[in-house]
Each structure stands twice: as C-alpha cells, then as structure tokens.
Amino acid sequence: MKPYLSFLILFIGVVGLSFGQTTSDIPEVQALLDKMTLEEKIGQLNLVTPGGGVATGSVVSSNVEAKIKAGEVGGLFGIAGPEKIRQAQDLAINQTRLKIPLIFGSDVIHGYKTTFPIPLGMSASWDMELIKHSAEIAAMESTADGINWNFSPMVDIARDPRWGRIAEGAGEDPFLGSAIAKAMVEGYQGTDLTQPQTMIATVKHFALYGAAESGRDYNTVDMSRIKMFNQYLPPYKAAIDAGAGSVMSSFNDVDGIPASGNKWLLTDLLRDRWNFKGLVVSDYTSVNEMTAHGLGDLQAVSALALNAGLDMDMVGEGFLTTLQQSLEEGKVTEDGITQAARRVLEAKYKLGLFEDPYRYIDNKRPKTDILTQKSRDFARKLAAHSFVLLKNDQQILPLKKSTRIALVGPLANDKNNMLGTWAPTGDPQLSIPVLEGFKNVAPDAEITYAKGANITNDPAFAEKINVFGMRAEIDSRTPEAMIDEAVANAKGADVVVAVIGEATEMTGEAASRTDISIPEPQLKLLQALVDTGKPVAVVLMSGRPLTIEALNAMPVSILQVWHPGIEAGNAVADVVFGDYNPSGKLTASWPRNVGQVPIYYAQKNTGRPAPDEFAKFKSNYLDAPNSPLFAFGYGLSYTTFEYSDLSISKPKIAMGDSVDVSVKVTNTGDYDGEEVVQLYVHDVVRSITPPLRELKGFKKVMLKKGESKTVTITISPENLKFYNSTLDFIAEPGIFEVFMGGNSNVTEKVEFELSK
Ligand code: NOJ
C-alpha cells in the first residue's frame, strides 16, 4: 500500500473515532438523515410520557400532541393500547414533514398484564427456559398493546437488601445474573425484531445502580474498576452480547460523573470496548438531575450527556431545549447530534417501523394475545418454581388437602400486594388471593380466615407505601382484637398458615429500608399463633431478603414466596398442598441483621480469615457470625437430596482446554423433586485476591423419589478468566478448587491444575 494511502486510512479512522459514526449503514436511515433539519434530528432525541401511567419522577411531559406535530418527539412511553398508540402514530405519520414513526416504550418488568413473580423471585427458579418464556409472553402481550420497546431487563447486581430495587433484579451473582440477562433479552427480542410479537430490550441501569451507597436509592456509587469489571459489569455485557438493542443509563454517579454524562461509561466502555451499536436512553430526567448532582445548569449537563454518548433524553427535554444553543456556542457538534439521531432511527428501522409504522398496532391482538388462560397457567407454574422453602424442620409442609386450616395474616386475603413492585401494566384486581387459591386447590379443606394483624400499625409509614393506592390498610379494630380473632381460629384448626411480610410498595424504587425485619405487629401475631401450640406454616412475602432471626427461631415452617404475581394464591396453594414440590434457591444472601450488609457469598479470605469461633485480631464481628442466616443458593425441598461421587475428568488441563466435573445426586426422601446443582470455583492463587468461591455453573434436575442421576458440568476456559489489575480478561495458571452441591456452602471439592 502506498504510504500516503495508509496515512489517509489512519486519518479517516481517527476522525471516525473522535466523532463517532454519523452515517448509517442502513440506506433507509441514511436517506432520512440526509433530509433532516437540525431541529428534526434533535426532535428524535426526545422521549416523552404524556402522563396517566406511573410517573417515576416529579414531572410529566406537557403539550405532547403539539410536540409530536412539530417533529419534537422521537418516542413515547407510558401509553398503551392500539387505539391510543394509533392516535399518536397518526400524528407522526400524517402531520410531520418526514413522517418518521414514533417508537413506543414501557416498563414491562415482570410480565405485562399477565404479571409474573418479581424478578428476584423469578431468578430463584434458576430456570432459564422458564425465565426466557416469561419474557416471550411479556413481549407478546405488550406488542399486542402497541408497545415495541421494553425498559427491561434490569440486571443491576445487588448485595444490599436495604435497597428497594433489589426486587427488580436477579440478586447478587454475576454469573447467574448474566445467564438471566441473556435469557430475558432473547425472550423479548426473539430472533427477528421485525416480527410483531417481539420488542427491543433495554438493559438497565447502566451502570452499578445496585451498589448505591448505604442501600439508599439514587445514592452515589464509588467502586474500583477491578470490582466493577469482575462483579458488577458482567450481566450488562451479557445482555449486550445477547443483542440487547438499547441501554438505559443509571441515576447514580460512577467515578464522580453521573452515568448519563459519563463518557468513559457510555462511549469508551460500552461502545468502544464492548462494541455496542444500539441506542442509549437516559433514565427518567436523569440528564436534568445532573444539575442537582452538581455538574452545572441544564444546558451544560445536556451537552455533557450528548458528548458522553447518550442518545435519547427521557422526559427532561434538556436536549430539546438546549442543544441548538450549545451547537451555536460550540459546546456540542452537529455530528454528535446526527449520530444520536442515527441511533434512534436505526432502532426504529430494526423494529420494521419504516416499512410499516402500524406493525404493532392491531385492534384484534389484545383479545387473543393478552391474559390468555395459557399465559396465566404459565404464570402459576413460574411462581411455584420461584418459591424457596427456608425452613421445614417440623415437616409441617406440605399440608393435607382435607384438613382444618386457620389461614391468617394481612396478606392472606389480599389482592393489592400480589403483583409486586413495578407492575404498572398489571391489574391487582385480577390477582388471586391466597384464600381463593386454597379454596381452588383444596376444596375439601375447612378454612377459616382472619387478618390477625396490619402490615404496619404506623399511619405515617402506611401513607408512604400507599402512594399508588391502598397497599397497607390499617384496620379499625385494635391490634389485640385482631390477634384474639386469629388465635381463636387457630385453636379450632389442625394447622395454621400465616401469610405475612412486606407490602409491595415497601420494596422497589425509592423504597429503601434501614430496618428490613418483619414489621412488629406481624411478629406479635406470629408469636401468639405459635403459643397456641398448633403447627404454624409461614408463607412469607417480600421483595427483598429480610432479617428473620426471630421468626426462624420459632418452631414454624417458612416458605418464601416473594410477591408472586397474578396467580399468587393458586401458586402458593400448589406448593403448600404439595402439588408442586418447592425447588427455588436464593439468589441473594439473607443477612442475620443489617449490620452485615453488603453481604454476598463470594467473599474474599482477607489476610486474617475468621475462625469458627470469635477470635481477636481476626476478620469477624463481636456480636454476630460472618455468615448470613440463609446463604446464596440455599433452598429446601419436601424431599432430601444426597450428593456423592464428586469427580473430575482430568487433574490437569492446558490453557484453552475444558474439564468436566460430575457428581451423583440421589433423591433420598419421600417426594419427587427438582434440585439446582451448583458448581463453584476457587482460584487458589492469582495476581489479584480471589473470592473464596464463585458460581461457574448450575443445572436444575428432576429426580423421582429414590432416583439417582449423575450431573456433569463443564468448566470452560472462559469460566476461569477474570479481569486482572490492568483489566485484561485472563486466566492464570495454577490450582483451582471446584465445589459442587446444593448451595454456596458446599464443602465437597475436587481440584485441577491449569498449566501454562
Ligand atoms: C425510572 C426507573 O429508574 C426506570 O427503571 C424506568 O425505566 C423509568 N423510570 C421509566 O419508567
């Protein structure tokens, strides 16, 4: 090659890099870009919500109709239904110069109208097929209602259960979180985004939102790159590798710069290192909020966001109102604006909207595609698979179907709290309360019902969690009168089932708690029930790990059911009466008390590891053990599983080789059941301090009673890699210990050597 030619190529490359790609490889998009005025390009960057849905900030957009007609809107969210969406699309198609279709977004976090368990619950199923299918159904239902862009999956790793939004994600682990992120993206997007049953997935909240300091929502995040790359970033990357079409920037700052204006995050990492080609949308007014963060006025923060690589501005309209001026003042470039517009248009193109802006608008579909019995049956199955049996040493569960049951508790006959947080498209009134589910599944049982206690007796607290309607109603009776009624019912029954826990809005966005225990009136009720001497099974609902040492010390069984979704009552009954044997395993550690948080199983050894008993000058607490009450991966079954014959296919492997680890699992109890077999790896010596174990594989297997199966999991070279101190993703030679069993505390191990 002639030297000047290679210089020219290099020059074009450098220019291309510094300005990003302003031209589109898609001819239809390029043709449009060529015709667009600056104002029209800026209009595409504006994402508005007309209100009427759930606003997650203090403002909603105004004059939406006029703005659409003026070409000042690229997309809408918070509206649904073919009729409304057609009206909006008509405005864009018939009344704007270039007839650019709108894109329609929504938060479809755990099902659309068929609401599935909260994501933290779904993750406890460890079943990627079920999780993927839940996303397929969510996409089918939302697209039937005209929505083609989903603000899900939320893949923020969360190790602090004070944070209310732990409910929306897959828990604490990057490996499991990555598998779930992939399953959800594949479920929403399918294999062809132009199909009318598929929608663009948005991986959020980029990045590190789950590490908000002190578990307080929107709080600052400050984290080393090593921790980021090894523990927090993998699920976002997995979603992007799975083809997620968009990314939402998070509210928090990262290294002192809010994510929405963080060029390192949105360009250097996301686009240059990870090769993401899609659309980046801000969170709700997160561009404007950079002013409160302390980064300048609206014009300054909007320019910062655009220059960082953010394409679409949600609700705040900083782009709409200031970019032109910033361009005139040289604070942004026209190329920067063109590039962002290109990405918005390309997303629309991928959905097939240029070919047919009405592709997702079909008046017939809501009837045939939404809330079908088939989807509800699936929601029931998925919910049952998400439940985690925490304690059953008295073998109170499962119950016989012909027995006298005192069903008690503030959540025992409730519709308002079954769907869980962030289910704005679901209808709580369509959900099945536990009482109804019991009657459906065990029609011969004699069931009495008493509320027994309020979720909380504190009116000020109740008011805060009743923002979206009544979730925690305070009874007009005294607490004593309510307990007396429940106790009287208990005395006349063979067994008590108490359904207690958190109201939905005690979890989720802006619902952080410093005390994550069960509210006192409910614990008092429990104690009174236990004092009757009757067997008590607790069905515990929550959107987060709770601190339940006091409850755990009582002679009760505990079934954790999260907020189970639309089929709540039926699913709870299926498990309580043994039609389905629980198989869920925790995906976030349950601390003994909040003083232990942040808490996670992938702990490092430290230089002074804690012995079994407290010791001075060791890494332990004076007043509690280091271990959680319930570990990651923990969950019981009505049957028992025994593990034996752990073996490894070879003692030594070369770089690039893989190794099989096998274990025999036997169902030694009295019920058929499913078990989640988990594999953890410990890199014994490496250049940065290794966690004592990290999940690197899992398989869910069904075993009939008495049956044995050998489960084999392959450890691939990728599994052994980590980001070292220069952030290279490498595996280092040496000894690896491999643990395989039914939870993260498993002690049986084999080892192999990775040679150079
Ligand atoms: C704020 C939330 O953080 C985000 O998850 C959601 O997608 C937006 N609001 C839009 O509703």
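Both counts, for ligands and for their atoms, begin at 1 and track the order of listing. Values below: all heavy atoms of this structure, side chains included; hydrogens, waters and symmetry mates excluded. On a predicted model such as this, the values are computed, not experimentally measured, just so you know.
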Element-labelled atoms of ligand 1 that are located less than 4.0 Å from some non-hydrogen atom of F77:
10 (C), 11 (O)

Measuring from the heavy atoms of R165, does anything fall under 4.0 Å of ligand 1?
yes

Tell me whether ligand 1 is touched by M154 - counting only heavy atoms on the residue side and a distance under 4.0 Å.
no

Surrounding NZ of K182 (heavy atoms of other residues, nucleotides or ligands, distance under 6.0 Å), is the total greater than 12?
no

Are K69 and E65 close enough, and set up right, to give a salt bridge (charged side-chain N to carboxylate O under 4.0 Å, His left out), and what steps lead you there?
CA-CA 6 Å; K69 287 189 200 161; E65 192 175 327; 3.6 Å; yes

Does any N/O atom on D283 come nearer than 3.5 Å to any N/O atom on ligand 1?
yes

Answer with side chain, backbone, both or neither: which part of W422 has a heavy atom less than 4.0 angstrom from an atom of ligand 1?
side chain

What are the two closest non-hydrogen atoms of V280 and G309, and how far apart are they?
CB-O, 3.9 Å

Classify the ring geometry between F378 and F116 as parallel (under 30°), tilted (30 to 60°) or perpendicular (over 60°).
perpendicular

Between K204 and ligand 1, is there a nitrogen or oxygen pair with a distance under 3.5 Å?
yes

Answer yes or no: is there an ion pair linking D268 with R273, defined by an N-O contact shorter than 4.0 Å?
no

